[in-house]
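All remarks here apply to the structure that follows.
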Amino acid sequence: MRLREVSFVKETGAAADEAGVRRLDLPLAIICDERPGHQQIDISVDSDDSYAIVFLRQGQNVGRIEILPVPPHRRPAGLVRYPIDLPPGAIARGFDTIVVSAAAGDDPPALGHLLVDAKK
């Protein structure tokens with residue numbers, strides 16, 4: 001899948017079964033333009049699951065981010081949107097693939113969107 005295919009922003013509270021949201025029954029590999037210097041991702045995922053985001057350059061891991069479930073006492077229904085700084089290796093070396101995977105939660109895990117260096 002290309003990065004542009006997951007670039008339609010889903011805000012916090014969007015339903016996990018909304019059009020354009022992808023279930024993550026298996027890890028999802030997202031192909032990007034390779035260049036060093038990216039600083040941040042903007043991502044929305046289902047609020048009650050754990051996620052790993054791995055950045056690859058020519059098949060080698062250059063960085064990893066973990067997202068944990070939102071605690072139940074402040075968890076919104078549906079998706080949560082996160083701006084996240086990239087790991088140093090992904091910034092310095094660049095990456096050509098982002099792999100998003102999930103551990104099991106209460107509902108099927110879901111990816112709403114993923115942007116790299118989004119303008120606010």
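Predicted, not measured: the structure shown is a model, and the values here were computed from it. These numbers come from the heavy atoms of this one structure, side chains and all, not from hydrogens, waters or symmetry mates.
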Inset, instruction - Report the distance from atom CZ of R57 to atom OG1 of T97, rounding to the nearest 0.5 Å. - result: 11.5 Å
Inset, instruction - Could you tell me which non-hydrogen atom of P76 sits nearest to which non-hydrogen atom of T12, and how far apart they are? - result: CG-CG2, 4.0 Å
Inset, instruction - Establish whether I84 and L3 are linked, either directly or via other cluster members, by ILVMFWY side-chain heavy-atom contacts under 4.5 Å. - result: yes
Legend entry - N-O pairing of D46 and R75 below 4.0 Å: no
Legend entry - Beyond-backbone contact of P109 with Y51, side-chain heavy atoms, under 4.5 angstrom: yes
Legend entry - Test side chain to side chain contact (heavy atoms under 4.5 Å, CB included) applied to I30 and L111, step by step: CA-CA 12 Å; I30 301 165; L111 170 69; 4.1 Å; yes
Inset, instruction - For residues V6 and R22, determine if any side-chain heavy atom of one lies less than 4.5 Å from a side-chain heavy atom of the other. - result: yes
Legend entry - Linked, directly or transitively: V62 and L86 (ILVMFWY side chains, under 4.5 Å): yes
Inset, instruction - May I ask whether V54 and I91 are part of the same hydrophobic cluster, defined by side-chain heavy atoms of I, L, V, M, F, W, Y residues being less than 4.5 angstrom apart, directly or through others? - result: no
Inset, instruction - Taking atom CZ of F8 as the centre, report whether more than 12 heavy atoms of other residues, nucleotides or ligands fall under 6.0 Å from it. - result: no
Inset, instruction - With side chain to side chain contact (heavy atoms under 4.5 Å, CB included) as the test, would you mind laying out the steps for I98 and C32 before giving the verdict? - result: CA-CA 7 Å; I98 303 170; C32 312; 3.6 Å; yes
Inset, instruction - For F55 and V99, run side chain to side chain contact (heavy atoms under 4.5 Å, CB included): C-alpha distance rounded to whole Å, both residues' side-chain angles, the deciding distance at 0.1 Å, then the answer. - result: CA-CA 7 Å; F55 299 86; V99 179; over 6 Å; no
Inset, instruction - Take I43 and H113, measure what side chain to side chain contact (heavy atoms under 4.5 Å, CB included) needs, and give me the verdict at the end. - result: CA-CA 5 Å; I43 188 170; H113 76 275; 5.5 Å; no
Inset, instruction - Just do the salt bridge (Lys or Arg N to Asp or Glu O under 4.0 Å) check on R35 and D96 with the steps written out, would you? - result: CA-CA 8 Å; R35 74 167 176 80; D96 54 25; over 6 Å; no
Inset, instruction - Answer with yes or no whether the hydrophobic clustering places I67 together with V116; edges join I, L, V, M, F, W, Y residues whose side-chain heavy atoms lie under 4.5 Å apart. - result: yes
Legend entry - Side-chain heavy atoms of V80 within contact of V45, under 4.5 Å: no
Inset, instruction - Kindly compute the distance separating CZ (R74) from OG (S47), expressed to the nearest 0.5 Å. - result: 10.5 Å
Legend entry - Nearest-0.5 Å distance, CZ of residue R2 to OG of residue S7: 11.5 Å
Inset, instruction - Using the ring pair (Phe, Tyr, Trp, His ring centres under 6.0 Å) rule, take H38 and F95 through it: C-alpha gap first, then chi angles, then the decisive distance, then the call. - result: CA-CA 9 Å; H38 290 299; F95 51 89; 5.3 Å; yes
Legend entry - Atom CG of D33 with >12 non-hydrogen neighbours under 6.0 angstrom: no
Inset, instruction - Measure the shortest side-chain to side-chain distance between P69 and D49 over non-hydrogen atoms and say whether it is less than 4.5 angstrom. - result: no
Legend entry - Same apolar cluster (I L V M F W Y, side chains within < 4.5 Å links), V9/I41: no
Inset, instruction - Considering non-hydrogen atoms only, spot the tightest contact between S50 and L68 and give its length. - result: OG-CD2, 4.1 Å
Legend entry - Reported CE-to-CD1 distance for the pair M1 and I31, which is rounded to 0.5 angstrom: 10.5 Å
Inset, instruction - State plainly whether the residues K10 and D42 are in salt-bridge range, i.e. N to O under 4.0 Å. - result: no
